[in-house]
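For reference, the structure is listed below as structure tokens.
Along the sequence shown, the residues carry numbers beginning at 1. Both ligands and their constituent atoms are indexed starting at 1 by order of listing.
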Amino acid sequence: MARICITDAVPEDGIASLLEAGHEVVRWTGDQAPTRAELLEHVKGAEGVLSVLSDGVDEEFLAAAGPQLKVVANVAAGFNNIDLDACRAHNVVPTTTPGVLFDATADTAFALLLMVTRRFGEAERLVRAHKPWQYRTTFMLGHSIEGKTIGLIGAGQIGAAMAKRCKAFGMTIRYAEEHPMREPVRSELDAEGLPLDELVATSDVVSLHCPLTPETHHILNAARLASMKQGAYVINTARGACIDEAALVESLRSGHLAGAGLDVYENEPTIDPGLYELENAVLLPHLGSANVETRTAMTELASSNVLAVLAGKPAPTPVAGF
Ligand code: GLV
């Protein structure tokens, strides 16, 4: 029996396998996510940890857990919250949950696309504010996405799932060739790879689906935002720091960009105050994969990773290189 600590609330069905295996499962039962000090105390003595992406899994975290720790299973596709060098130094295997959340995240990206291009976020706010309105032929016109070009930065599982949705709605699919799309989906969608700068400068919508790495930090910087077509849109369900948020606010405020649909922010849960003021920004609170089925599947996969490593077997979905 091993001690397995879970750092925040997760769907209970997702940890059934840990309980069935007879492990000591230590849940986090607070109403709020733990503070840093509470987190470090909570993981003490764990052999396995189910972590979430707001946990900084770094030297301090691994040292606090102790030398018996073998696996940190992030209940997330991303792992930018994990210090991989520190994991290597502590002989800890970090794992993620790819392959189970791409449809849910693409649904969120596509919902943001429709909300921002058709002004549904703005319209909902208007109704809820009890502002007067009446049906008129020119009232609150948005733009159609049919016939427009979407430029994907990141065309892995989530990007490809977004591309399928966009194709079904009549969009032309392009992607940054630095982050290529696999076959056969590329051919099926008739998707074209372009150099990143050309992609950004020629797309009607730019949608981010890349991991956050040193290379993708501010991949949409002020210069690239300025190079976008007048009236273009930005969608971000990847990581906030892939966009220079302050520069995005300026592009939206000036009217250069027609709108942005955002699920993620540079300094979550803090959001650039300028974004709140902008009617052409649709703002979600990092809900990318947030449905019961997907979060349960993510937790089940994280649990399988913990069980495998504790049994001395290879983790099913380790971070590449582990
Ligand atoms: C969510 O953002 C995830 O990485 O799963």
Side-chain angles (χ1 to χ4, degrees), residues 6-11 13-15 28 33 49-58 61 71-84 87 93-113 152-162 179 207-220 234-243 245 260-271 282-306 315-322:
I6 308 177
T7 64
D8 202 356
V10 293
D13 287 349
I15 58 168
W28 176 257
V49 169
L50 252 67
S51 58
V52 298
L53 53 82
S54 45
D55 302 331
V57 179
D58 54 10
F61 178 105
V71 52
V72 173
N74 225 23
V75 186
F79 53 89
N80 53 294
N81 60 310
I82 301 181
D83 180 337
L84 302 183
C87 285
V93 180
T95 73
T96 61
T97 61
V100 293
L101 52 74
F102 53 89
D103 276 325
T105 308
D107 287 346
T108 301
F110 194 73
L112 282 170
L113 173 59
L152 306 164
I153 303 179
Q157 285 184 316
I158 300 172
M162 173 65 164
H179 302 262
S207 188
L208 288 107
H209 303 282
C210 51
L212 176 62
T213 64
E215 291 73 43
T216 62
H217 182 264
H218 283 193
I219 195 164
L220 271 192
V234 168
I235 307 295
N236 192 8
T237 52
R239 285 291 181 266
C242 294
I243 304 183
E245 201 166 286
L262 306 175
D263 187 42
V264 289
Y265 307 90
E266 265 202 90
N267 300 302
E268 289 177 19
T270 302
I271 299 181
V282 177
L283 309 176
L284 297 183
H286 203 147
L287 293 179
S289 61
N291 67 51
V292 171
E293 295 81 356
T294 303
R295 288 283 162 86
T296 302
M298 290 164 68
T299 309
E300 277 169 356
L301 182 51
S303 297
S304 315
N305 276 292
V306 168
T317 52
V319 171
F322 282 84

- request: Output yes when the distance from some N or O of ligand 1 to some N or O of G78 is under 3.5 Å, and no in every other case.
  value: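 Indeed, backbone or side chain, G78 has an N or O that close.
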query: Is there a nitrogen or oxygen of S289 sitting under 3.5 Å from a nitrogen or oxygen of ligand 1?
result: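 No; the residue has no nitrogen or oxygen that sits under 3.5 Å from a nitrogen or oxygen of the ligand.
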- prompt: What atoms of ligand 1 come within less than 4.0 Å of a heavy atom belonging to H286?
  reply: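 The list of qualifying atoms is 1 (C), 2 (O).
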query: Which of the atoms in ligand 1, numbered in the order shown and given with their element, are less than 4.0 Å from a heavy-atom of R239?
result: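 That gives atoms 1 (C), 2 (O), 3 (C), 4 (O) of ligand 1.
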Exercise: identify the closest heavy-atom pair between [X] and [Y]:
{"X": "R239", "Y": "G78", "answer": "NH2-CA, 3.5 Å"}
{"X": "A241", "Y": "E266", "answer": "CA-CG, 3.6 Å"}
{"X": "H209", "Y": "L152", "answer": "CD2-CD2, 3.8 Å"}

- prompt: Strictly by modelled atom types, are D55 and T7 linked by a side-chain donor-acceptor pair under 3.5 Å?
  reply: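 The criterion, which ignores hydrogens and geometry beyond distance, is satisfied for T7 and D55.
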side-chain hydrogen bond (donor to acceptor under 3.5 Å, both in side chains), paired with T317, selected from T96, N74, T97, N305: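 Testing T317 for a side-chain hydrogen bond (donor to acceptor under 3.5 Å, both in side chains) against T96, N74, T97, N305 leaves exactly one candidate, N305.
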message: For atom 5 (O) of ligand 1, what is the closest protein heavy atom, and at what distance to 0.1 Å?
response: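 Result for atom 5 (O) of ligand 1: A77 N, 2.8 Å.
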query: Which residues pass the side-chain hydrogen bond (donor to acceptor under 3.5 Å, both in side chains) test with Q157, sequence neighbours left out?
result: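 So Q157 forms no side-chain hydrogen bond (donor to acceptor under 3.5 Å, both in side chains) with any residue.
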field: Part of L53 within contact of ligand 1 (heavy atoms, under 4.0 Å)
entry: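 Side chain only.
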task: Would you mind telling me if ligand 1 is within reach of the side chain of L101, the backbone, both or neither, using heavy atoms under 4.0 Å?
output: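 It is the side chain that touches ligand 1; the backbone stays farther off.
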